Q: 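First the structure, which I've put down as structure tokens, then a few questions once you've had a look.
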Amino acid sequence: MADIDIDALHPTYSEIYNVLGKDSDALLNLFKNMSGQQINLPVHLYDPDMVKEKLAARVQNNESIDINVASERYGYSRRWIRTAIKEVNKKE
């Protein structure tokens with residue numbers, strides 16, 4: 001494990017350190033690879049186009065899709081999931 005002075009960390013890196021489970025090596029790796037870059041994280045963890053592809057594959061396999069479960073899993077609204085499924089059904 002890397003030896004870093006936790007008490008002297010920039011507040012942003014201190015928060016990242018905590019999120020990483022207080023893993024000094026992971027923090028240093030992140031710092032070395034991302035230092036100086038402006039990072040703007042997307043609101044959604046999953047890419048909308050990839051989610052649509054996943055939903056389309058399930059529709060094509062005649063699998064049932066629970067809108068609530070899909071919404072919670074992918075972090076999109078139930079309305080967005082329903083619309084994506086309707087778009088897939090229109091293409092078929």
Side-chain angles (χ1 to χ4, degrees):
M1 185 173 256
D3 183 30
I4 61 173
D5 188 351
I6 307 313
D7 297 327
L9 287 174
H10 184 283
T12 300
Y13 285 111
S14 181
E15 188 171 340
I16 292 170
Y17 174 74
N18 290 327
V19 168
L20 293 173
K22 300 188 177 186
D23 184 340
S24 300
D25 291 329
L27 179 64
L28 287 175
N29 189 29
L30 177 82
F31 178 75
K32 288 175 186 174
N33 288 292
M34 305 301 285
S35 179
Q37 296 185 33
Q38 182 175 352
I39 301 172
N40 186 6
L41 298 174
V43 174
H44 296 284
L45 181 61
Y46 295 103
D47 181 85
D49 294 330
M50 296 305 295
V51 172
K52 286 179 183 179
E53 285 183 27
K54 295 278 187 182
L55 294 172
R58 292 188 63 190
V59 168
Q60 290 170 353
N61 290 334
N62 293 322
E63 296 177 35
S64 65
I65 300 172
D66 184 321
I67 302 295
N68 293 326
V69 171
S71 173
E72 191 168 315
R73 175 181 174 104
Y74 294 114
Y76 289 91
S77 69
R78 290 185 300 275
R79 180 179 178 185
W80 188 92
I81 298 290
R82 272 194 296 283
T83 301
I85 292 169
K86 284 180 186 178
E87 289 175 8
V88 169
N89 286 330
K90 285 181 183 178
K91 290 179 181 178
E92 290 187 353

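Bear in mind that the values here come from a model prediction, so they are computed numbers and not experimental data.
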Q: Assess whether side-chain contact (heavy atoms from CB on, under 4.5 Å) is satisfied between I85 and N89, documenting all intermediate values.
A: CA-CA 6 Å; I85 292 169; N89 286 330; 3.7 Å; yes
Q: Does a side-chain heavy-atom distance below 4.5 Å link M34 with I39?
A: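 When only atoms from C-beta onward are counted, I39 and M34 do touch, with a gap below 4.5 Å.
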Q: Kindly write out the residues that satisfy salt bridge (Lys or Arg N to Asp or Glu O under 4.0 Å) with R82, not counting sequence neighbours, or none if the list is empty.
A: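 Counting only residues at least two positions away or on another chain, R82 forms no salt bridge (Lys or Arg N to Asp or Glu O under 4.0 Å).
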Q: For I81 and N68, run side-chain contact (heavy atoms from CB on, under 4.5 Å): C-alpha distance rounded to whole Å, both residues' side-chain angles, the deciding distance at 0.1 Å, then the answer.
A: CA-CA 9 Å; I81 298 290; N68 293 326; over 6 Å; no
Q: If you group Ile, Leu, Val, Met, Phe, Trp and Tyr by side-chain heavy-atom gaps below 4.5 Å, do V19 and I4 land in one group?
A: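 As far as the 4.5 Å side-chain criterion goes, I4 and V19 are not connected within one cluster.
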Q: To the nearest 0.5 Å, how far apart are CD in Q60 and CG in L55?
A: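 Reported value, rounded in 0.5 Å steps: 11.0 Å.
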Q: Should M50 and V43 be counted in the same cluster of Ile, Leu, Val, Met, Phe, Trp and Tyr side chains packed under 4.5 Å apart?
A: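 Different clusters: M50 never reaches V43 through Ile, Leu, Val, Met, Phe, Trp or Tyr contacts under 4.5 Å.
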Q: So, does S71 use its side chain to make a donor-acceptor pair with the main chain of I67 at under 3.5 Å?
A: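 Side chain of S71 to backbone of I67, a donor-acceptor pair under 3.5 Å: no, none is there.
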Q: May I ask you to decide if E63's main-chain N or O and N61's side chain share a donor-acceptor pair within less than 3.5 Å?
A: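 It does not hold such a pair.
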Q: Working to the nearest 0.5 Å, report the span between CG of L27 and NZ of K32.
A: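 L27 CG to K32 NZ: 10.5 Å, rounded to 0.5 Å.
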Q: Could you work out, with ring pair (Phe, Tyr, Trp, His ring centres under 6.0 Å) as the rule, every residue matching Y76, not counting sequence neighbours?
A: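 So Y76 forms a ring pair (Phe, Tyr, Trp, His ring centres under 6.0 Å) with H44, W80.
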Q: If you measure from CG on L30 to OH on Y17, what distance do you get to the nearest 0.5 Å?
A: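 L30 CG to Y17 OH: 14.0 Å, rounded to 0.5 Å.
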Q: Give the C-alpha distance, both sets of side-chain angles, the deciding distance and a yes or no for side-chain contact (heavy atoms from CB on, under 4.5 Å) between Y74 and K54.
A: CA-CA 10 Å; Y74 294 114; K54 295 278 187 182; 3.9 Å; yes
Q: How far apart are the closest heavy atoms of I65 and A70, and which atoms are they?
A: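 Smallest heavy-atom distance, with atoms named: CG2-CB, 4.1 Å.
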Q: Looking at R58 and S64, would you say the former's side chain and the latter's main chain have a donor-acceptor pair under 3.5 Å?
A: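 At least one qualifying donor-acceptor pair exists.
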Q: Is there a donor in the side chain of N33 and an acceptor in the side chain of N29, or the other way round, less than 3.5 Å apart?
A: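 Yes, N29 and N33 have a side-chain donor paired with an acceptor closer than 3.5 Å.
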Q: Rounded to the nearest 0.5 Å, how far does CG of D23 lie from CD1 of I16?
A: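 So the gap between those two atoms works out to 13.0 Å.
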Q: Just wondering, are more than 12 heavy atoms of other shown residues or ligands nearer than 6.0 Å to CG in D5?
A: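 Yes, CG of D5 has more than 12 neighbouring heavy atoms, counting only those of other groups under 6.0 Å.
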Q: What's the spacing between I6 CD1 and K22 NZ if we round to 0.5 Å?
A: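 So the gap between those two atoms works out to 8.5 Å.
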Q: Once you round to the nearest 0.5 Å, how far does CD of E72 lie from CG of D66?
A: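 The CG atom of D66 is 10.0 Å from CD of E72, to the nearest 0.5 Å.
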Q: Take a 6.0 Å sphere around CD of Q37 and say whether it holds more than 12 heavy atoms from other residues, nucleotides or ligands.
A: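 For Q37, atom CD is crowded (more than 12 foreign heavy atoms under 6.0 Å).
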